[in-house]
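This report refers to the structure that appears directly beneath it.
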4 protein chains.
Amino acid sequence: MRSESEPGGQQRSFIEEARRRQIIASAVEVISEVGYANASLARIAEHAGISKGVISYHFQGKDDLMTQLVIQLYVSAAEVVAPEVIAAVGARNRVLAYIESNLAFIDANRRYVAALTEVVRNLRDADGQLHFASSDESEILEPLVALLREGQLEGEFGEFDPVFMGKSIRDAIDGAGARVVRETDFDLRGYTAHTARLFDLATRKAEE
Amino acid sequence: MRSESEPGGQQRSFIEEARRRQIIASAVEVISEVGYANASLARIAEHAGISKGVISYHFQGKDDLMTQLVIQLYVSAAEVVAPEVIAAVGARNRVLAYIESNLAFIDANRRYVAALTEVVRNLRDADGQLHFASSDESEILEPLVALLREGQLEGEFGEFDPVFMGKSIRDAIDGAGARVVRETDFDLRGYTAHTARLFDLATRKAEE
Amino acid sequence: MRSESEPGGQQRSFIEEARRRQIIASAVEVISEVGYANASLARIAEHAGISKGVISYHFQGKDDLMTQLVIQLYVSAAEVVAPEVIAAVGARNRVLAYIESNLAFIDANRRYVAALTEVVRNLRDADGQLHFASSDESEILEPLVALLREGQLEGEFGEFDPVFMGKSIRDAIDGAGARVVRETDFDLRGYTAHTARLFDLATRKAEE
Amino acid sequence: MRSESEPGGQQRSFIEEARRRQIIASAVEVISEVGYANASLARIAEHAGISKGVISYHFQGKDDLMTQLVIQLYVSAAEVVAPEVIAAVGARNRVLAYIESNLAFIDANRRYVAALTEVVRNLRDADGQLHFASSDESEILEPLVALLREGQLEGEFGEFDPVFMGKSIRDAIDGAGARVVRETDFDLRGYTAHTARLFDLATRKAEE
DNA sequence: GATGAATGAGAGTTCATTCAT
DNA sequence: CATGAATGAACTCTCATTCAT
């Protein structure tokens, strides 16, 4: 019945918010275990120890639940990353803070990231199109690209296409997110240092 | 009834091979349009203009079809990449050839790559584990890591962890593969040059 | 979701128990009409005026439904036979009571017996083995054999192999159960008297 | 294409007859292993090392194959039993010969009997009726009942309903046939002696 | 005579969703 | 608020049968 923007303008009660979080948490665990395709509402409800109907009550449907899951995690990630980036001084340090805080977030939320990835890659609208399409990535990409452009204007960075570079950074981060799931013994700390160096070199000025 | 290597040692007839390729091609198109989860045998058959039973006749089941699809594409990719790498002189050129030929293959087989990615990320065994797990990536990763190590021994490359670097390269390639699907107007040529430069810089010796 | 003994220890609700009985009753009628092989869940559901999914909801699967059907009838039969046997005085009368009450039960539950027989003879496990194998017959046979042995020890019966005799009695009963289905005009009352006499003679002492 | 009575009056060629027997033999083995319901033409063909089409060529369809299987075995059984019965002197000896030769045939053809039983119990016409119904049993029962009646007229047997007695004997024989399949260690020799004694006693004159 | 290929119906099962209580 | 019950569609897979070669 209820949905994201709560059209009536009414706030969600505390108890309702708790239920929603509980259901999303259960969905995260189920998805990270059996994958998106096998994560049925029945399984999610069973895992949460509630009845199937509860999910239907708190979310408009399966797609809504999945969408909320993604949004919740994106917001959480932004809450971790943004302050780190802002706190850093200079474009180079900001970009490095962006990379490092993103990977730190992944490290601290492995299951969530696994579930998020599954949903983003699989959730589709009725017409078959991916629900989280490239247009959504822009929102994530843009601030990073802006950061890179800034560094170039300020003369801290060398010559490169800031959009391409932004995509490379995102692919490195998302790739690490996938590895964390696939490779149980993946050394994310070491990989973070490696990745920071990679893009540190890539953004330097040519000569000097 | 039939399976991958035809254990009886019998060869597959020409007509059967053609049918299998037709079915796999149909699966590729359907998957790249509606995604793995919505790519039912019924849809694949309908798209191919054949009856559902034909698929069951030529493949042991849906999982077999998907597995064959992946294998076929991996083999095709290797057939394109390997000669290019071998033809290149010196470790640096080899690595660059690896990156460039991989991305060129992706460019020339967008839909296939899209389908492959979907299958690899979603196909699971009866126990819920991903069928193409990280162990399978090793096979792909190892030759690349060997190339990087070689370059270090020969003094052409600087100091870096060759496994991390290999994973970075793979993530850049796989990330591009995903972009090609998501972003219809993705400039893969430009991205190739950018990526080549990225790893060219990353593998250089420190000073000089 | 649910199963025979409800392992969680939870009781089944009244309404659920009623549905289960309704479904089993429908299965009995369908099986006794078209046979086990043609008794699909679709037909059973249609006969009961419900949707196919309901069966899956109340039973783990077709095999579970069939198993429950058999168990329910075995229990019902035991509830009829046991008191009659216990009430009889002397081994001979007990054996005759066993035969007569078994056949009376068959007479009163012709369709159920028909269905039961079909299921027991056809239901197989995944490995192809009959689900109700000879080991299960032992449970049914043993009390009867014990009765026969008792009569021999007490001197009421003559010399014979009690296991063979038990099997003969069971075959006579089961044979009658099959006849009741095949021969619509089978005179079970008359056959009961005949069978009682048959085994009365067979268990007598040699001389007199 | 061809069928039982070969309407054109043409004889079947030797090679064709051999193929039919080979197919029936394969059907017998498959049925006795996996049961009637799981005995698909594909499995029967595979077991025989031939293609599915061959079966369709030599039999009108699956039902025809099954019918031929039953007929072939009934004929074989009659060929064993009839001479033994005829050779015996006196009604009592004839009935005992009937029982003993039937059980001996079962002993010597366990798998065939298993398959036969499966088919007779499961094969149904399009209208759902058993193909080998009670009317067919009459053909088998009648000669036996005639034997029993004869013995009564000649004064060798006592008072009993010869039809009931015939059915009891058939049930004992068919029951043994089923046991031979279910109980791998069933002592059919011992059971034969037991059964012969059972009906020897049952047919005796009252006093004396 | 025999084969491989194809069909189309029907099987059991799972699932998201709806609804009365 | 929450539940259990029910629906109906879609899924994969198996099968007997047909047919061109």
Side-chain angles (χ1 to χ4, degrees), chain A residues 1-2 13 15-16 19 37-45 50-66, chain B residues 1-2 10 12-13 15-16 18-20 37-45 48-65, chain C residues 1-2 10 12-16 18-20 37-45 48-66, chain D residues 1-2 13 15-16 19 37-45 50-66:
Chain A
M1 295 292 145
R2 320 304 179 68
S13 73
I15 198 169
E16 175 160 6
R19 263 281 195 246
N38 297 322
S40 67
L41 290 188
R43 243 200 266 238
I44 293 168
I50 58 178
S51 100
K52 256 191 309 179
V54 183
I55 300 180
S56 299
Y57 182 82
H58 288 284
F59 297 92
Q60 279 178 253
K62 194 186 188 185
D63 289 4
D64 185 34
L65 165 58
M66 295 303 170
Chain B
M1 295 291 146
R2 319 305 180 65
Q10 296 162 280
R12 256 190 279 277
S13 72
I15 196 167
E16 171 157 14
R19 260 283 192 249
R20 287 170 63 95
N38 297 321
S40 68
L41 292 187
R43 244 199 265 240
I44 293 169
I50 57 178
S51 105
K52 253 190 318 179
V54 183
I55 300 180
S56 297
Y57 181 79
H58 288 283
F59 296 91
Q60 280 176 242
K62 193 186 188 186
D63 289 4
D64 184 34
L65 166 58
Chain C
M1 297 288 147
R2 319 305 180 66
Q10 296 161 281
R12 256 191 279 277
S13 72
F14 172 76
I15 197 167
E16 170 156 14
R19 259 283 192 251
R20 287 170 64 94
N38 298 321
S40 67
L41 291 188
R43 244 200 265 239
I44 293 169
I50 57 179
S51 103
K52 250 192 320 179
V54 183
I55 300 180
S56 297
Y57 181 78
H58 288 284
F59 297 91
Q60 281 177 243
K62 194 187 188 186
D63 288 5
D64 184 34
L65 166 58
M66 295 302 171
Chain D
M1 295 290 146
R2 320 303 181 68
S13 74
I15 197 168
E16 175 160 6
R19 261 283 196 245
N38 297 323
S40 67
L41 290 188
R43 244 200 266 236
I44 293 169
I50 58 178
S51 100
K52 256 192 309 178
V54 184
I55 300 180
S56 299
Y57 183 81
H58 288 283
F59 296 91
Q60 281 178 251
K62 194 185 188 186
D63 289 4
D64 184 34
L65 165 58
M66 294 302 171

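Order of the sequence lines fixes the chain letters, A, B, ..., with proteins taken first and strands second; residue numbering starts at 1 for each chain.
One can place CZ of D/F59 at 15 Å from P of F/dA16, the figure rounded to the nearest angstrom. The distance from atom NZ of A/K62 to atom P of E/dC15 is 8 Å, rounded to the nearest whole Å. The CG atom of C/L65 sits 14 Å away from the C1' atom of E/dT13 (whole-angstrom rounding). Across the protein-nucleic acid pair, B/I15 atom CD1 and E/dA5 atom P stand 7 Å apart, rounded to whole Å. Rounded to whole Å, atom P of F/dT12 lies 14 Å from atom CG of B/D64. At whole-Å resolution of the value, CD1 in C/I55 and P in F/dA5 are 16 Å apart. Whole-Å rounding puts the C/I44 CD1 to E/dT13 C1' distance at 14 Å. Put simply, CZ on B/R43 is 17 Å from P on F/dC13, counting in whole angstrom units.
Nearest nucleotide to the A/Y57 side chain, out of E/dA2, F/dT18, F/dC1: F/dC1. The side chain of D/V54 has E/dT3 as its nearest neighbour among E/dT3, E/dG1, F/dA5.
Both D/G61 and B/L41 sit near DNA chain F, but only B/L41 has its closest nucleotide nearer the 5' end. Mapped onto DNA chain F by nearest heavy atom, C/G53 and A/S51 fall at different nucleotides, with A/S51 at the one closer to the 5' end.
Minimum heavy-atom separation, D/K62 to D/A39: NZ-O, 3.2 Å. Contact detail for C/I55 and C/L41: the closest heavy-atom pair is CD1-O, 3.7 Å. B/N38 approaches B/R43 most closely through the heavy-atom pair O-NE, 3.0 Å. When all heavy atoms of D/V54 and D/R19 are compared, the pair lying nearest together is CG1-NE, 3.8 Å. The heavy-atom pair separating B/K52 from B/A42 by the smallest distance is CG-CA, 3.7 Å.
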- Give the dot-bracket string for DNA chain E, reading 5' to 3', where a pair is Watson-Crick or G-U wobble with both distances under 3.5 Å, ( ) marks pairs inside the strand, [ ] marks pairs crossing earlier ones, | marks a partner on another strand, and . marks unpaired. .||||||||||||||||||||

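Between B/H58 and E/dG4, a side-chain N or O to OP1/OP2 separation shorter than 4.0 Å is absent. For B/S40 and F/dC11, the shortest distance from a side-chain N or O to OP1 or OP2 is below 4.0 Å. OP1 or OP2 of F/dA2 lies within a sub-4.0 Å distance of a side-chain N or O belonging to A/R19.
In the interface, the side chain of A/K52 is paired with the base of E/dT17 through a donor and an acceptor atom under 3.5 Å apart.
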